[in-house]
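Lettering of chains follows the sequences in order, A, B, ..., and the numbering in each one begins at 1.
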Protein chains: 2
Amino acid sequence: MSKKITIYDLAQMLNVSPATVSRSLNNHHSISDATKKRILEKAEEVGYRTNKFAANLSNQKSNTIGVIVPRLNSYFMSTVLAGIEQVANEVGYNLIISQSLESEEKEKINAKTLLDSGVDALLVSLANDSKDYKHFEHFTTRKIPLLFFDRVIDLPHCPTILIDNLSAGYEAGKHLIEQGCTNLMHISGNLKRKLYEDRYKGFKNALLEHQLEINDYTLIETDLDPKNIQSVIETITGSPKKIDGIFVASDNYAANCIKELKKAGIRVPQDIKVVGFNNDPVSEIISPNLTTINYPGHKMGVLAGESIIAHLKGSINLQSTNTILLRHQLITRESSSN
Amino acid sequence: MSKKITIYDLAQMLNVSPATVSRSLNNHHSISDATKKRILEKAEEVGYRTNKFAANLSNQKSNTIGVIVPRLNSYFMSTVLAGIEQVANEVGYNLIISQSLESEEKEKINAKTLLDSGVDALLVSLANDSKDYKHFEHFTTRKIPLLFFDRVIDLPHCPTILIDNLSAGYEAGKHLIEQGCTNLMHISGNLKRKLYEDRYKGFKNALLEHQLEINDYTLIETDLDPKNIQSVIETITGSPKKIDGIFVASDNYAANCIKELKKAGIRVPQDIKVVGFNNDPVSEIISPNLTTINYPGHKMGVLAGESIIAHLKGSINLQSTNTILLRHQLITRESSSN
DNA sequence: TTGAAAGCGCTAACAC
DNA sequence: GTGTTAGCGCTTTCAA
C-alpha cells in the first residue's frame, strides 16, 4: 500500500466530503445515484484501493477466517481446505491457514496469532497432541465463532462437523466379517482423538455382535505415518492366530500395508482382507483396489465454510446446531473380495 | 476483538503514558527494564491483546504473506504450501492462501483481494489459463515483493523458484531411450505454461540426439486430470507404430495411465515403459513402482518462504536474484526397468 | 442527500 | 527514560 490515494484525495478531487466518498464506495443507500456514479468512476480512474487496515480498525472486523489444521499436506486435509477456500473466496472472505503439525504447543500459538490477527471466525481440526483446550476460550469469550471439523472436541457453543465414525467403523468391521474374516485387526490413529476412538468402538461392536474374539492383536495404535510401518507388519505376521482381516484408519496407510504385506508374501485379499478409510485416490491405484469408507472431504470443507459464513452474516445461528454429521459410505473393492 | 483492553487502559492502570505502554509491548530499548516488566506483567494479568488492525494501519504493514495457487489439493502443491507455512509461521507471518482453480479470472480477483488485504508480499504459482499478467503490476508498482514458484513467468524484478524442467525432461527421455525404447511419447500438461513446454523440449532433445522419430504421437497435451484419461489411452493403443515408452508430466496421471494400460492388456514395463514426474507417494504404491523425477516440493515451499521473508526483513535483496533452480533427480524404479 | 467531526487503537516524531 | 500529540484511513453519528 504505497500509492496512497485515500478517500480524502477522492473527496478533494470531486468537491465532496470524505463521508460521501466512503458511503458511495460502500454503496450506501442514502447517496444519490448520480454522485455515487461520479465517485465510483473517479475511484476507478485514479486507481483507488481501499485500505483494509483502516476499514478493519473502524469496523472491528476483518472479513478473514482463520483455519488451524494438523498438517495441510494430506490428501484429505487439502481437499477440505480446497472446499473451505472455495466458498470463502466466493463471498469475499480471506482464509488464513496455519498448521499445528500435531503439536499442542503450536496449536496454541497459532490460535493466539489468529486471535490477534482479528479473524472473524476460526475453523479447527485438532492436533493429536491436544489435551487442553483453554487456548480456544479466548474465542468463545469474545464471541468469535469457533467450529471444529474432523478432529473435533465438544466445547460449549462450538458446532462440529464430522462423520459418524462409530457406524463407519462398525460397517467396516461388519463387512470384513461378512466376507468371512474371523480374526480381525484394527490399525488406528491416535486414540486420544475421538474419531479414532469411535472408529475402533464401532469396529469392536461388530466383532462383539458376531462373537469374535477380542485380544491383544485386535487393536494397534499408530501415528498413521507410513515410515513406521515395519513394526506393524511384524505384529501382523507375528500374531499367533493368523489375522485374516484388517481395518485401517487411513487409505494411505492401508495402501502401504498392502504393499508391505505383499512383499512379505501375504496375499491380499486371499490371505488377508483390507478395508481402508477416506476414499483417497490411492485406493484406486493400489493393486488390489482398496475397499474403503468414503469420507467427503471437499463437502466437509464447503459445509464448514458455508456454516461459519452464514453465521457471520447472521442468517443462521450456529450455536444452536451442535453437530453436523456428513454421510459416509462403504465402497467395496478388490481388497476385501472373495 | 470485543473484550477491549487497549494500551490506554493499561496506561491508566499503571499511571504511565500510552506511548510507554506501546514501547514496552514492542520491547523498545529506550524503556527501563523495570517499567517494561511492570507493564508486561499487567498486560498479561488483564489479558491484553494487541489490536493488529490498529498496528497495521499505523505501520502500513500486516505481517501477512499472500499465496495464490492453482489448487491446493494436489500432493505437490499442498507439500509446497506446508513448507511455506512452516517458515512463515516460525517467524510470525500469517499466510493468506487462495486458489485460482486454473482460471485467470479468479487469479485476477484473488490478486486484487490480496492487494487490498495489504499483504506484505505475494507468492504465486500461475493458473494454466493465465496469459495476461497486468494484475500483478499493482504489486510491483507498489514495491510489494512478488515471487513466482513452479508455474512461473518472467516479470521484471520478480524472482522465480523452479527446477530445471528442460534438463529434467531430457533426462526422462534419455533414460527411456537407454532402456531400449525407440517409439516414445510425452503426455504433457498445458503447454501454455513454460514448465510443461520445457519438459517437452528437453524430452524432444533427447529424441533428436538419438535420431528417434518425432511425429504426431510424440506429444499429447492434456489437463492432467485423470478423468479424461480414456482418450489418451486410446491414442496410445491406436498408434500405428507401437509406443514403447511414455514420459508423463505428473505421477498421479502416470499412475492412472499404468492402471488403464494394464486393463487394456498392455504390460508395464515389458510392453511400455513409463516415467512420471514429482515423486509423489503414489509412485511407490502403484505396481509396478513408478520411475520418476524427484521434485522437492517441501523444499521449494521453504525456500520460497525464506526468500520472501529475508527480503521483507531487508537481509537480502531479491530483485537481484532472478531465478533459483532447485535440484531434481531421476529415480529409477520398476516401471522403466528391463 | 450530504457534511463535520469524533472515534477505532497503535506508532513515532518531537519534546522534556 | 517517559510523555504529548499528531497521524494512519475509514466509518458513522449527528446535524444540516
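- Using a 4.0 Å heavy-atom cutoff across all strands shown, A:Asn56 reaches no nucleic acid atom at all.
- B:Lys36 has its NZ atom 9 Å from the P atom of D:dG1, to the nearest Å.
- A:Asn59 places its CG atom 12 Å from the C1' atom of D:dG9, with the value rounded to the nearest Å.
- In terms of polar N and O atoms assigned as donor or acceptor, the side chain of A:Arg23 comes within less than 3.5 Å of the base of D:dT13 in a complementary pairing.
- At most 12 heavy atoms of other shown residues, nucleotides or ligands fall within 6.0 angstrom of atom NZ in B:Lys194.
- The separation between A:Gln60 atom CD and D:dG9 atom P is 18 Å, rounded to whole Å.
- Sequence neighbours left out, the pairs with a member in residues 57-83 of chain A that pass ring-ring contact (aromatic ring centres under 6.0 Å, His included) are A:Phe76-A:Tyr295.
- Of the residues in residues 6-19 of chain B, those placing a heavy atom less than 4.0 Å from an atom of DNA chain D are B:Asn15, B:Val16, B:Ser17, B:Ala19, in numerical order.
- Using modelled atom types, one finds a donor on one side chain and an acceptor on the other under 3.5 Å when comparing A:His298 with A:Gln86.
- A salt bridge does not link A:Lys134 to A:Glu137: none of the charged side-chain nitrogens sits closer than 4.0 Å to a carboxylate oxygen.
- Taking atom CG of residue A:Asn51 and atom C1' of nucleotide D:dG9, one finds them 6 Å apart after rounding to whole Å.
- At whole-Å resolution of the value, CG in B:Asn26 and P in D:dT2 are 15 Å apart.
- Between the side chains of A:Lys36 and A:Asn27, at least one donor-acceptor pair of N or O atoms lies under 3.5 Å.
- Comment: B:Lys108 engages B:Asp132 in a salt bridge, judged by a side-chain N to carboxylate O separation of less than 4.0 angstrom.
- Applying the 3.5 Å distance criterion, the base of D:dG9 shares no donor-acceptor pair with the side chain of A:Ser58.
- Close approach of DNA chain C to chain B, defined as any atom under 4.0 Å from a non-hydrogen atom of the protein, starts and stops at C:dG9 to C:dC14.
- Residue A:Ser32 is classed as a sugar-phosphate contact, given heavy-atom separations below 4.0 Å to backbone atoms only.
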Inset, instruction - Please step through side-chain contact (heavy atoms from CB on, under 4.5 Å) for the pair B:Tyr93 and B:Leu312, ending with a clear verdict. - result: CA-CA 11 Å; B:Tyr93 271 86; B:Leu312 285 173; 3.7 Å; yes
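- Between B:Ser30 and the phosphate of D:dG1, there is no side-chain N or O to OP1/OP2 separation shorter than 4.0 Å.
- Within 6.0 Å of the NZ atom in B:Lys61, the count of heavy atoms belonging to other residues, nucleotides or ligands exceeds 12.
- Between B:Ser62 and B:Asp120, the side chains place a donor N or O and an acceptor N or O closer than 3.5 Å (distance only, hydrogens not considered).
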